[in-house]
Amino acid sequence: MNDDRSRSWPDREPDPRRQPPPTQPGPPPWARGPQPPAAGPTRPGGPAGSPPPGRRPPPPGRRPVPPPQREPELMTHRIAEDDYRDPGYRDAGYRDEGPLAPDDGYPPEDLDKKGRTPAQRKKRRWKIIRRSAYAFVGLFIVIPAIAFVITYFLVDVPSPQSVAQGQNQAVTYLYADGSPMGKDVPPGGNRQILTSQQIPDVVKHAVIATEDSTFETNSGFDVTGLLRAVFNNLTGGTGGGSTISQQYIKKATDNDAPTLTRKWTELAKSFKMNQTYEKQDIITAYLNIIYFGRGAYGVGAASQAFFHKDVSKLDYSEAALLAGLIQQPGRSENPKVAQSRWTTALDRMLANKYITPQQRQSAQFPDVIPLAESKDDANAPYKFISEQAKAELGQHGIGDDKYYSGGYTIQTTIDKHAQEIATQVATDALKDQSDDRLLDSLVAVDPKTGGVLAYYGGPATIDVNGKKQGARDWANTPQNPGSSMKAFDLTAFLKMGKGINETFDGSNNRVFDGRKVRNAGPSSSCDGQCTVAEAMKRSANTVFYDMVLNQTHPGPVGQAAQDAGVKTKDNGGKSEISTADANIALGGGNTRITPADMASAYATFAANGVQRDRHFVQKVTNSQNEVAYEAQPSPGKPAFDSDADKSKQIAGNVTMALGPVIDFSHLKCPSGHDCAGKTGTQQHTPRPGEPAWAANANAQTWMVGYTPSVSVAAWVGADGDQALHGSGTSPIYGSTIAGPMWQKFLDAYLKGKPGEKFDQVSLIGVQAPPPSQDQSAGDEQQPPTQTNGNEPDPGNGNEHGGPITGGPSQPHWPSGLPHWPSGKPSSHNPPTGGPSTGESPPPQ
């Protein structure tokens, strides 16, 4: 049987260093007499033998063993825990701060692997927590606070006046010669810097509620907003944490880089702004520079641009709309977006008690003036030119957000004289027409540079039910090109090594894959051995449909058009080219090209096969007269072959074929100038209920042609597929209205300029056959008839128009010449027969 009294507590080998020193022999106890109490420390908390405070008593049933006897004089101090370094003592799993006592012990199961008691472990945990807290405070509070203070003293807050000097300035436009074209003033006029008293509280409250509900109390940044923004970023949500002060700094410095440095500096500036300015000054500064849409920077300009009102007269509903648009100014013209943002602003105004529930319930969406009326166009540049210039600048780093902010002066490629002529002839062309649905456009391009010399896309505004509305730019609207597409058919054919003296069956009513293709009339057909040159002059549909269907195929035709300069939707343009079927040969089906692209593409033929991109801008300078952008002269690139000489030969052969078309269409080249071109017509698709004459009507008409120095595309049509008519119910053709527009422009533009001739090139393919017998010149007299009800025949709609009336008689190409013998044009000779230019059109 074990006796607890037979061992010490705890049960371990005694440490010899803890044993009392040997004592000297002394008198026996009976001889000593009474002894004083032993000196030395006593444990607090009770008499000897009681457990020390904080220590548990020995387990029940176990009697404590008295500690070894020690000499009192040796116990002069307590052993500190951290000072004791006895490895053996530590290995024994026990550390203490003083001499062992009968109750100074723990069961082995309460000790961890390193022999630490629960109290010691708790003490160590708190030490780790304290040190971690110190590190956290230093790293995330003390150091950032010091850095923030340093940043605070280093940054400056831009004033509203200094910011206004670099924003919302009118853009000055110049013609190519440097003469003034006009000023593009931002909607609502130049921005006014308003005072706090000039901006009503209802506007301030609407913006504060919508953009920063804590504005009145925050110090430039909102901690909860920042945490919310971080959470949204981490979880993929939306919504930021910027205050009005931060947004002002961002707009004032024009710095929106997604970097921590920018955000840190922005916070410091926002805080400093709130220490520098009163809240009323901050909200006023913000409202003077923020963008609302429609080019309006500042609430003063926005009030005029959207309501034609002074800002002091805005009501709470109008203020809510402007406040809501701050978040999405680029979508201000989207009704759904505007309605949604207006609703959000009103709800937040109600939540912030800026309006009453009754006002919220009775609120009506405000009446916004039309976009076209939001801007004063007096002394402004031609609208469609400025739109094209803005789009071009966006590709060179000057986007919509910067367009009005730099005080820019834009020198365009527009020739002042050419623009005035284009506007005049296009306007005059429709004056006396009986069909009020007719629209027109004219574009002129310099083949040597690619610069646009003149650009008329129709009137900038139109009246609809007595209201002024912005009009469509018809020069940049894709239309079926009709027979003017045949120049690209021929280009693809020439790239195969075939030439303009190859022959086809040019007879009428040929059937291809079960579909009947017709020519436009007697003068548009030729015999079974019709050369390509003759077919081009007469615009024989059957020849070119046969050529594309059976030889070139549609794909190379579409590629030739793009090589020449047609920009499709796939490469930044608006034109559409369909190679799904052979309808591309006749410019029908889903092939639609803008007049601007047609002028650019034909300019490549005029430039001997060198393609240069169309552009409107020569140079841009800012308010400090520093060059912000300058177009460099373009050497161009060979369009139709990697070899420049081969590309020139192809383009020259196209020019050979297009030269005789001018006279055949009863048009004239300016005196002393070579020119070439092609008319085009797209037939209207009859619909039930239309009059009988609509079956023979046309919907689109063209004349595209060039000299060595200018390429011009003239288009006359309507908005969509409509049955257009000229005098009475007679159809219009490419040479009816568009042709005279083209001719009058060239006559006026080239008047007094030196004559010019096309470069000579050698023929591609077979040489010229013997001249055929001259056939009577003149356009077709009867348009084709429909073959299958409302379904247009593939050959329909690509014919020439009738003879034109008026204008002086000028030399022209002999009408019977099918080609230029020996590969070069013959000299101009006056006509020997045929109708005069003053002859009336034949009866329909």
Does either side chain, that of [X] or that of [Y], offer a donor lying less than 3.5 Å from an acceptor on the other one?
| X | Y | value |
| --- | --- | --- |
| Asp184 | Ser386 | no |
| Lys567 | Thr594 | no |
| Asp177 | Ser179 | yes |

Check: [X] side chain, [Y] main-chain N or O, donor-acceptor pair, under 3.5 Å:
| X | Y | result |
| --- | --- | --- |
| Asn352 | Tyr354 | no |
| Tyr403 | Val171 | no |
| Lys279 | Phe215 | yes |

- Task: Could you point out which residue of Ile369, Asp315, Asp367, Leu321 forms a side-chain contact (heavy atoms from CB on, under 4.5 Å) with Phe307?
- Result: Leu321
- Query: When the ring centroid of Phe605 is compared with that of Phe640, is the distance short of 6.0 Å?
  - Reply: yes
- Query: Given the side-chain rings of Tyr455 and Phe616, with only the six-membered ring counted for Trp, is the space between their centroids under 6.0 Å?
  - Reply: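 Yes, ring centres under 6.0 Å apart.
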- Item | Lys/Arg N to Asp/Glu carboxylate O, Arg612 vs Asp446, below 4.0 Å |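 Salt bridge flag = no for Asp446 with Arg612.
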- Task: Salt-bridge test for Arg614 and Asp597: reply yes if a basic N is under 4.0 Å from a carboxylate O, no otherwise.
- Result: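 Yes, charged N to carboxylate O under 4.0 Å.
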- Message: As a quick check of understanding, evaluate side chain to side chain donor-acceptor pair (under 3.5 Å) for Lys313 and Ser303, giving each step before the final call.
- Response: CA-CA 9 Å; Lys313 298 179 180 180; Ser303 180; over 6 Å; no
- Message: Quick check for you: to the nearest 0.5 Å, what is the distance between Trp702 atom CH2 and Gln479 atom CD?
- Response: 6.5 Å
